[in-house]
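In what follows, a single structure is set out as structure tokens and then discussed.
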There are 2 protein chains.
Amino acid sequence: MKQNLSETCHLFFSTLSNPTRLGILELLKETPMNVTQLAEVLNQEQSMISHNLRPLFRCGFIFAERKGKERIYSLNIETMEPLFKIIENHAEKYCPKMGKCLKH
Amino acid sequence: MKQNLSETCHLFFSTLSNPTRLGILELLKETPMNVTQLAEVLNQEQSMISHNLRPLFRCGFIFAERKGKERIYSLNIETMEPLFKIIENHAEKYCPKMGKCLKH
DNA sequence: ATTTCATATGAAAATATCTTCATATCACCT
DNA sequence: AGGTGATATGAAGATATTTTCATATGAAAT
């Protein structure tokens, strides 16, 4: 149980610790999209976006729905919104000038 | 600004996406400790724990206070508690049997 | 059943992250 | 100042994660 929570946290956080995947989440926050559209906007290969969508989906951070031959991805707002809110608040309070945190 | 939030998220989440660091956070949730104690309980080298404390500290996930020649680390409960709560709730709701998520 | 558009997958190469070891720094005491 | 316990740091080797390329699968239309 305890072990599992720690494992879960690791899986979840490592899924979120990737610029491409964060970019995907930010885009999906605005509007649902398919892989091709995400690839276009993010200016990356379709296969790369696809690879990155998988862990997001597996973790339940995004949902997917078929529409013809497309697969429309959307954000799990219930989880992601409060999560980002926490980060935002934390950053504001504890890293007032981002530089401090972003530097090595 | 936008760019910065994404960068911040990446930094924060990658800091949290490590079993050793999650272990440290779990221990500090119970009680403040110094590096040596953490190393003992986690059964790892002191230098390794020290290396891992750094990003946690830089991100403001933990605090540090000197006490003699020791440096006592403690958890930033304000941030970490709601963060873990979200993960827990999410896991419960979206990954009812952890296996689903934990498998490749 | 074949073509087309949309998406997913496997495996190798490229890149980033961790761990370890040796050593440096720091605070306190004598 | 020198010694000691506690902690931090640098750099390298060891591991893990990403990205890319080529190709496979899927769904719908002709």
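Atom set for the values below is all heavy atoms of this structure, side chains included, hydrogens, waters and symmetry mates excluded.
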Review point. Is the distance from OP1 or OP2 of D/dT9 to the nearest side-chain N or O of B/R54 less than 4.0 Å?
Key: yes
Revision key, fill the gap. B/F13 and A/S17 have their tightest heavy-atom pair at C-CB, 3.6 Å
Practice item. Would you give a per-nucleotide map of nucleotides 13-20 of chain D, 5' to 3', where B means the base has a protein non-hydrogen atom under 4.0 Å away, S means only the sugar-phosphate does, and - means neither? Key: -----SSB
Review point. Which whole-number value in Å describes the distance from B/F57 CZ to D/dT7 P?
Key: 14 Å
Exercise for review: Grab the CG-P distance between B/L42 and C/dC18 for me, whole Å please.
Suggested key: 16 Å
Point to revise | B/Q46 (side chain) and D/dA8 (base): donor-acceptor pair under 3.5 Å | key: yes
Check your understanding: Looking only at heavy atoms, which two atoms of B/L75 and B/L28 are closest? And how far apart?
Key -> CB-O, 3.8 Å
Practice item. Look at the side chain of B/Y73 and decide which nucleotide, out of C/dT9, C/dA27, D/dA8, has an atom nearest to it. Key: D/dA8
Check your understanding: Under 4.5 Å between any side-chain heavy atoms of B/E78 and A/K93, yes or no?
Key -> yes
Point to revise | Electrostatic pair B/K29-B/E81, nearest N-O below 4.0 angstrom | key: no
Check your understanding: Side-chain contact, heavy-atom cut-off 4.5 Å: A/P55 with A/F12?
Key -> no
Point to revise | Nucleotide C/dC26, atom P - distance to CZ of B/R66 in whole Å | key: 10 Å
Practice item. Answer yes or no on whether A/R71 is positioned over the face of A/F57, meaning its NZ or CZ is under 6.0 Å from the six-membered ring centre and within 45° of the axis. Key: yes
Review point. Atom CD1 of A/I49 to atom P of D/dC21: distance rounded to whole Å?
Key: 14 Å
Review point. Within the pair A/R71 and C/dA6, is there a side-chain N or O less than 4.0 Å away from OP1 or OP2?
Key: no
Review point. How long is the line joining CD of B/E40 and C1' of D/dA6, in whole Å?
Key: 12 Å
Review point. If you find the nucleotide of DNA chain C closest to A/K69 and the one closest to A/L53, which residue's nucleotide is nearer the 5' end?
Key: A/K69
**Study point:** Euclidean distance, atom CD of residue A/E65 to atom C1' of D/dA27 [Å, nearest integer]
**Key:** 16 Å
Practice item. Would you kindly give the CG-to-P distance between A/N34 and D/dG26, to the nearest whole Å? Key: 19 Å
Point to revise | Residue pair B/H10 / B/E7, side-chain heavy-atom distance below 4.5 Å | key: no
